[in-house]
Every structure is written in C-alpha cells, then in structure tokens.
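Written below as structure tokens is the structure these notes are about.
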There are 2 protein chains.
Amino acid sequence: MKRGHQVTMKEIAKKLNVSVSTVSRALKDSPELHPDTKKRIVEMAKSMNYQPNLLAQSLRISRSKVLGVIVPELTSHFFSSNISGIQDTAYKRGYNVMICQSNESYVQEISNIRVLVASQVDGLLISLSRETKSYQHLQDLYDREIPFIMFDRVTEEIPVSRVTVDDEHGAYQVTHHLLEQGCRKIAFISGPQDLYISKKRKGGYLKALAEYGISEAESRVYISDLNQESNRQIAYKILEEENRADAIFAMIDPVAVDVMLVLKEKGIRIPEEIALAGFTNNPTSSVVEPSLTTVSQPGYEMGQIAANHLLDQLDEIVSDEPKSFVLGTTLIARNSTLKIKI
Amino acid sequence: MKRGHQVTMKEIAKKLNVSVSTVSRALKDSPELHPDTKKRIVEMAKSMNYQPNLLAQSLRISRSKVLGVIVPELTSHFFSSNISGIQDTAYKRGYNVMICQSNESYVQEISNIRVLVASQVDGLLISLSRETKSYQHLQDLYDREIPFIMFDRVTEEIPVSRVTVDDEHGAYQVTHHLLEQGCRKIAFISGPQDLYISKKRKGGYLKALAEYGISEAESRVYISDLNQESNRQIAYKILEEENRADAIFAMIDPVAVDVMLVLKEKGIRIPEEIALAGFTNNPTSSVVEPSLTTVSQPGYEMGQIAANHLLDQLDEIVSDEPKSFVLGTTLIARNSTLKIKI
DNA sequence: CTGTTAGCGCATTCAG
DNA sequence: CTGAATGCGCTAACAG
C-alpha cells in the first residue's frame with residue numbers, strides 16, 4: 001500500500017529558504033525570532049498540514065509519552081473499565097497508551113513486558129495473569145528502574161505502588177450480610193489459591209464467619225479454575241454435599257452466574273433454599289433473575305488513580321516511594337440474598 | 001522518578017572496543033562477520049540485558065510497527081472483543097497497538113486521529129462515533145494516503161476497506177423469526193437515524209415485514225438515543241399505544257434489556273403478551289430471564305479480519321483496492337420470543 | 001571481516 | 001535574529 005508521506009520541517013525550510021532550526025523555533029513560538037519569519041513559517045506549516053513526528057521527538061528526549069498497559073483480558077468488563085480510566089487520564093495528560101493482553105498467560109505477560117519496554121514506554125501499568133506465581137520479570141523491571149505500578153491483580157513481593165480495592169473488607173461485607181440474613185452454612189468459591197485476591201477475599205470470608213463463632217474448620221471453601229465447566233462442577237458438588245450449604249458466595253460475579261444457572265436447572269429457589277452472592281458488580285449482575293447481590297468495584301476510578309499516580313511519579317509530582325491505594329467497596333444487596341424482598 | 005537507562009549498542013561497542021556497526025551486524029546475525037567477534041558481542045549484549053530501541057528503528061525505516069485503533073467506547077463488550085481480536089492478530093504479526101476511545105464524540109475522534117497519526121502509526125482501524133456525520137477528517141486521512149480501514153461503525157462515503165456484519169440480514173432474520181412466531185405488530189427500536197447500522201437494520205426489518213405483506217406505512221419504528229432513559233421512555237410509549245405491539249425488536253441488546261425491565265415492572269408476560277428481541281448477543285443476553293433472542297455478531301473475528309486485512313495491505317500481500325468484508329450473522333432464538341418453549 | 005560516514009526528524013548549543 | 005553543527009539509537013552503503 002502506498003504510504004502517506006508526512007511533511008517534515010526540512011521540507012518547510014526548503015520551500016521558505018530558511019534553515020531547519022528556524023522552522024523548529026518558529027513552530028515552538030520562540031521569542032528570539034523575527035515576527036514576519038515566524039508568521040510565514042507557521043502559515044506554511046499549516047498549509048502543508050505539518051504534524052510533528054512524535055517518534056523523532058521521543059528519540060531525542062528519551063521520553064515517549066506513552067504508557068504501557070497489560071491486562072489479563074480485554075473483554076472482561078472490569079478490566080475494560082480500568083483501561084478506559086487509564087486511557088482517559090493518560091490522554092488528558094498528554095500521554096498515549098499501548099495495550100497488551102496476557103490472556104492469563106505467564107509467558108505472554110513476560111513477552112508483553114519485553115515488547116512494551118523495547119517500545120520505550122515511559123511507564124507500565126500491570127495487572128497480573130492468573131498463572132503468574134513467580135515475580136522475577138517484575139523484579140527485573142524494578143532493577144532496571146523502569147517505572148511501573150500494579151493494579152487489581154497485584155503482588156506484595158515487589159516494592160512498587162499498587163492500586164486495589166479492599167478485597168478483604170468487600171468479602172467480609174458479603175459474608176456478614178449473608179450471616180445477617182440467617183445463613184450459617186456459607187460456601188465460598190475461591191479462585192486459584194496463589195491469587196492475591198483469592199487470599200484476601202477468603203480472609204474476609206473467614207473473618208466474618210469467626211465473628212459469628214464459625215471456625216475455619218467449619219468453613220466451606222471450594223477452589224475453582226474460574227471457567228464455566230469448573231464452576232458448574234463445583235455447584236454440583238456443593239448441592240450433593242450432606243448438610244448442604246444454605247448460601248454460596250462466589251469470588252467473582254461470572255462464577256455466581258454460572259452457579260445460578262445450575263441452581264435454576266435443579267429448581268432450587270434463590271434465596272429461600274440457597275442464597276447467592278458474587279463480587280465485582282458486573283453489568284450482568286443487576287439483570288439476572290433474581291438480581292445478584294455483589295460488591296461494587298470501581299474499575300474506571302481504579303484506572304484513573306493508577307494512571308494519575310504513575311504519571312505523578314514520572315512527572316516527579318510525587319516521590320517514587322511505593323504507595324498502596326486501597327479503594328473502598330460497597331455492598332450491593334439484591335434479591336439473590338434478600339429473604340424478605342422489598 | 002529515576003528512569004531506567006536502556007543499554008545501547010554504543011555501550012556494548014565501547015566495552016568490547018569494536019565499532020557500533022559491528023555490534024549491529026552481530027546482533028542481526030550478519031554472515032560477514034568473524035564468528036568469535038559475533039559470539040563475544042552477542043554474549044555481552046545478553047549479559048548487559050540489551051534491548052533494541054524500537055523507536056530508533058522506527059524513525060530510521062519510517063515504519064513504527066504500531067497500529068492505531070479508535071473505538072467509541074472500551075467498556076462495551078462488543079468493542080472490547082474487537083480490540084481483543086485486533087490486539088492478538090497484530091501481536092502475532094509483530095505489531096503493537098495504540099488504543100483510543102472517542103467516547104462517542106466527533107471532536108474526540110478527530111483528536112484521536114491526529115494524535116495517532118503524529119505518533120506515526122502505520123495504519124488505523126476506526127469504528128466511528130455516534131456523533132460522526134461529517135467525514136472530512138477521514139477524507140483527509142485518505143488524501144494523505146494514511147492507510148486505514150473501518151469496522152462495525154462505518155461509512156460508505158470514503159473508498160476504504162470495511163468490515164461489518166450483515167446487519168440487514170441479521171435484522172431480517174430476527175423479524176422473520178418474530179413473524180413466524182405469529183407476531184404481526186412488531187415495533188422496531190432504532191438508534192439515531194444517521195447511523196449506518198440503524199439504516200441497515202431498519203432495512204432488514206422492513207424487508208421481512210414486506211414479505212408478510214406488511215407495508216412500511218404499517219411498520220412501527222421508534223428512534224432512541226440509546227441511553228437508558230430514552231429506552232425506557234420508548235418502552236412506555238409503545239405500551240401506551242392503541243393497538244399495542246405484540247413484539248419489540250431493539251436494535252442492540254442493551255436496549256432490549258432496558259425494555260425487558262420495563263415490561264417486567266408492568267407485569268407484562270414475555271413472550272406471551274409481547275415478544276422481545278435484540279441484536280449483538282452480549283453476554284448478558286443469555287442470562288436474563290427470559291433469555292433474550294438476539295443475533296450473534298462475532299466481535300473477536302471482526303477484529304481479526306480487520307487487523308489481518310490492514311496488515312495484508314501494509315505488507316502488500318493484497319492490493320489497497322477497497323474491500324468490504326461482510327460477516328454472517330446467526331439468529332439465536334431464546335425464550336423471549338419462543339412462544340412454545342422447549 | 002570491520003570501521004567510517006551518513007541520515008531518519010527534531011531541538012538545542014554554539015556562532016555568528 | 002538566523003544558520004550550522006551535534007546527537008538521540010540504529011542500520012545501510014561505502015570503504016578499506
């Protein structure tokens with residue numbers, strides 16, 4: 001394909017019989033320049049539709065004004081909200097965003113980092129893949145002093161800033177709410193155990209149980225791979241259990257929805273026989289029937305905060321001292337747990 | 001923040017007392033080089049953790065290996081699927097992706113294009129904002145010979161390649177299905193009239209009606225701004241109409257879901273009293289109750305096809321003759337229209 | 001087999 | 001007030 005040639009300063013200079021540096025000065029409105037010359041150049045630039053080559057500028061100043069973002073998947077509503085917040089924030093502050101998805105793969109994640117770093121991004125915003133259990137690639141980034149921060153899927157092993165929601169408290173809120181509704185046999189469907197959020201949310205679940213005198217030994221934790229098949233199997237397992245659970249708390253909404261479908265197929269009434277709750281407040285959760293109790297997790301704001309903080313660090317508005325931002329969660333009680341309906 | 005210094009060829013050259021060009025040759029495995037020298041350089045590069053500076057390479061060859069993508073919004077599942085397909089495809093072919101969202105704003109769209117072009121993207125994939133009714137900015141791109149193609153939200157006014165689904169046929173399928181179910185008073189909720197997809201889908205709706213002897217004068221078209229408030233108002237309006245509709249076909253799933261909520265509030269049985277259908281097959285559609293009849297629109301594949309085609313054009317695997325890719329649609333009949341349930 | 005030169009587009013320093 | 005020279009990192013052409 002014929003590729004469009006971009007007008008350069010050189011071409012403007014030639015047409016006007018001035019030097020390139022004069023053009024450069026005119027275009028950045030340098031005061032030490034004859035007004036007429038300046039005017040002629042600026043007008044010519046406009047008429048030729050001149051656009052500065054950001055690549056060249058970046059190379060010169062060794063700053064690309066581009067942020068790299070890595071998320072496990074783009075199609076999840078939560079992550080696309082994050083990206084939306086990051087993108088809007090970056091754009092407002094004169095930065096562009098390069099986006100990669102790891103597809104929940106550790107190897108992809110490493111490869112993504114490599115490419116973004118080679119592309120000279122000024123900083124990285126990373127949300128770890130499910131597979132990521134070793135953090136050497138992040139340690140390398142840290143050692144090479146490449147600015148980056150983590151959001152949502154984070155690790156505490158590397159001393160960089162993090163943005164998360166208060167996973168533990170959110171899970172506590174849900175569990176506490178179920179207990180208040182009279183449930184005492186609450187199953188918790190967790191994701192893979194090494195996941196930061198699995199640990200945190202399980203912690204909140206156990207804490208709430210403890211307050212009602214239910215020990216960890218009496219807790220009911222199930223581990224899902226978080227795919228539909230795994231979710232359904234666990235639902236079946238829970239139903240077959242003797243002394244069956246009277247409530248199910250799924251670590252993320254999609255799991256809860258899968259479970260809901262199984263319960264409905266089996267004709268089990270929600271919440272009368274089994275109450276059901278999720279986490280994240282996906283758009284789907286409000287429209288399923290019964291509507292799903294969940295915890296809202298402000299994805300867009302997380303993206304904004306993460307991007308603003310990283311840019312603050314880059315622009316040296318704040319120090320590069322690692323900070324941990326923990327966003328509040330809000331319980332959204334809906335019909336899937338409310339035994340007395342409104 | 002202290003910014004990590006990237007190792008350059010110059011530094012490797014200095015350490016080994018060779019010239020930069022020798023380093024360059026070694027790193028790209030040039031045959032005309034003493035094996036020992038090559039080996040020494042390669043090892044040194046590895047030990048210093050050398051990464052080529054893609055910016056510098058891009059500047060040299062005037063190709064950035066980056067594609068620009070503009071979508072109306074990132075959080076829509078359909079668009080994030082597109083992006084996912086684009087990103088995966090680009091990555092496989094050695095390209096990176098810079099993403100912008102127009103937030104459905106014409107001005108933003110223009111601004112996004114400007115920034116991406118200044119960033120020297122090799123090509124653009126654009127899905128137009130709702131507000132975009134003038135196409136001069138695209139004409140400019142075309143005149144400047146900047147490679148770009150459009151997907152989903154397209155216009156026929158600019159002679160570049162397009163990737164769309166068969167909107168007309170999809171709408172025809174839905175309407176035909178509703179007619180087969182015995183509905184004869186089918187309301188169609190359209191988006192803004194200038195939208196390409198509004199026109200196409202309305203066309204399919206009318207075509208199916210015509211086959212059943214229902215004239216355009218007897219058709220029932222409502223125009224929504226596609227926000228929740230507007231959707232609900234139209235739902236109310238349809239319900240108040242004398243000779244009330246017995247089916248509602250909404251141009252996109254979210255509209256159908258909003259309408260469904262109104263119908264449920266009013267205690268109207270779906271599909272017995274009013275059948276309801278959407279378009280796109282959002283994840284939500286399968287889990288609402290009753291499950292929503294819709295048309296599947298393969299977002300990920302659209303992204304793949306769009307990216308592959310643009311890259312084919314860039315790599316001159318295909319000519320830059322504009323092509324129009326029209327993807328097939330599949331009717332997904334669910335309980336919201338099936339009067340005889342399975 | 002390897003070094004020197006030159007240039008991608010831009011902006012800054014140094015000389016007028 | 002303006003031009004020439006320099007360098008960001010890399011590679012290709014040209015010379016040994």
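Below, read A as the first sequence line, B as the second, and so on, with proteins coming before strands; counting in each chain starts at 1.
The CG atom of L27(B) sits 13 Å away from the P atom of dA12(D) (whole-angstrom rounding). As rounded to whole Å, 18 Å separates atom P of dG9(D) from atom NZ of K28(B). Nucleotide dC1(D) holds its P atom 16 Å from the NZ atom of K39(A), rounded to whole Å. In this structure, the CD1 atom of I61(B) is 9 Å from the P atom of dT11(D), given to the nearest Å. In this structure, R60(B) places its CZ atom 11 Å from P of dC10(D), rounding to the nearest Å. Separating the CG atom of L59(B) from the C1' atom of dT11(D) is a distance of 12 Å, rounded to the nearest angstrom. Atoms CD1 (I12(B)) and C1' (dG9(D)) sit 12 Å apart, rounded to a whole Å.
No side-chain donor from either of S102(A) and S105(A) sits under 3.5 Å from a side-chain acceptor of the other. A donor and an acceptor atom, one from each side chain of N96(A) and Q87(A), are nowhere located under 3.5 Å apart. Q57(A) and R63(A) are not linked by any side-chain donor-acceptor pair at a separation below 3.5 angstrom, with hydrogens and angles left out of the test. Looking only at atom types and distance, the side chain of S21(A) has no donor-acceptor partner in the side chain of S24(A) under 3.5 Å away. Side-chain polar atoms of E145(B) and H5(A) form no donor-acceptor pair below 3.5 angstrom. When only modelled atom types and interatomic distance are considered, T132(B) and S129(B) share a side-chain donor-acceptor pair under 3.5 Å. With hydrogens and angles left out, the side-chain atoms of Y300(A) and T75(B) include no donor and acceptor closer than 3.5 Å.
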What pairs of donor and acceptor atoms, side-chain ones from residues 64-73 of chain A against any protein atom, are under 3.5 angstrom apart with sequence neighbours left out?
from   : atom 1 : to      : atom 2 : distance (Å)
S64(A) : OG     : V66(A)  : N      : 3.3
S64(A) : OG     : Q120(A) : O      : 2.6
S64(A) : OG     : D122(A) : OD1    : 3.4

Can you give the donor-acceptor pairs under 3.5 Å from side chains of residues 44-54 of chain B to other protein atoms, not counting sequence neighbours?
from   : atom 1 : to     : atom 2 : distance (Å)
S47(B) : OG     : M44(B) : O      : 3.0
N53(B) : OD1    : L55(B) : N      : 2.8
N53(B) : OD1    : A56(B) : N      : 3.1

Review item, side-chain donor-acceptor pairs of residues 301-308 of chain A, under 3.5 Å, at least two apart:
from    : atom 1 : to      : atom 2 : distance (Å)
N308(A) : OD1    : R93(A)  : NH1    : 2.9
N308(A) : ND2    : Q304(A) : O      : 3.4

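The minimum heavy-atom distance linking D152(A) with Y196(A) is given by the pair O-CD2, 4.4 Å.
One finds no side-chain N or O of Q57(B) lying less than 4.0 angstrom from the OP1 or OP2 phosphate oxygen of dG9(D).
Each end of the helix from dC1(C)-dG16(D) to dG16(C)-dC1(D) gets its own axis from five base pairs, and the two axes differ in direction by 60°, given to 10 degrees.
First and last contacts of DNA chain C with chain A, using any nucleotide atom under 4.0 Å from a protein heavy atom and ordered 5' to 3', fall at dC8(C) to dT13(C).
Note on S24(A): a base of the nucleic acid sits closer than 4.0 angstrom, heavy atoms only.
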Could I get a table of every N or O pair under 3.5 Å where one atom is in the protein and the other is in nucleotides 2-5 of chain D?
from   : atom 1 : to     : atom 2 : distance (Å)
dT2(D) : OP1    : T37(A) : OG1    : 2.6
dT2(D) : OP2    : H34(A) : N      : 2.9
dT2(D) : OP2    : T37(A) : OG1    : 3.2
dG3(D) : OP2    : S19(A) : N      : 3.1
dG3(D) : OP2    : S19(A) : OG     : 3.2
dG3(D) : OP2    : T22(A) : OG1    : 2.3
dG3(D) : N7     : R25(A) : NH2    : 2.6
dG3(D) : O6     : R25(A) : NH1    : 3.1
dG3(D) : O6     : R25(A) : NH2    : 3.1
dA4(D) : N7     : S21(A) : OG     : 3.4
dA4(D) : N6     : S21(A) : OG     : 3.1

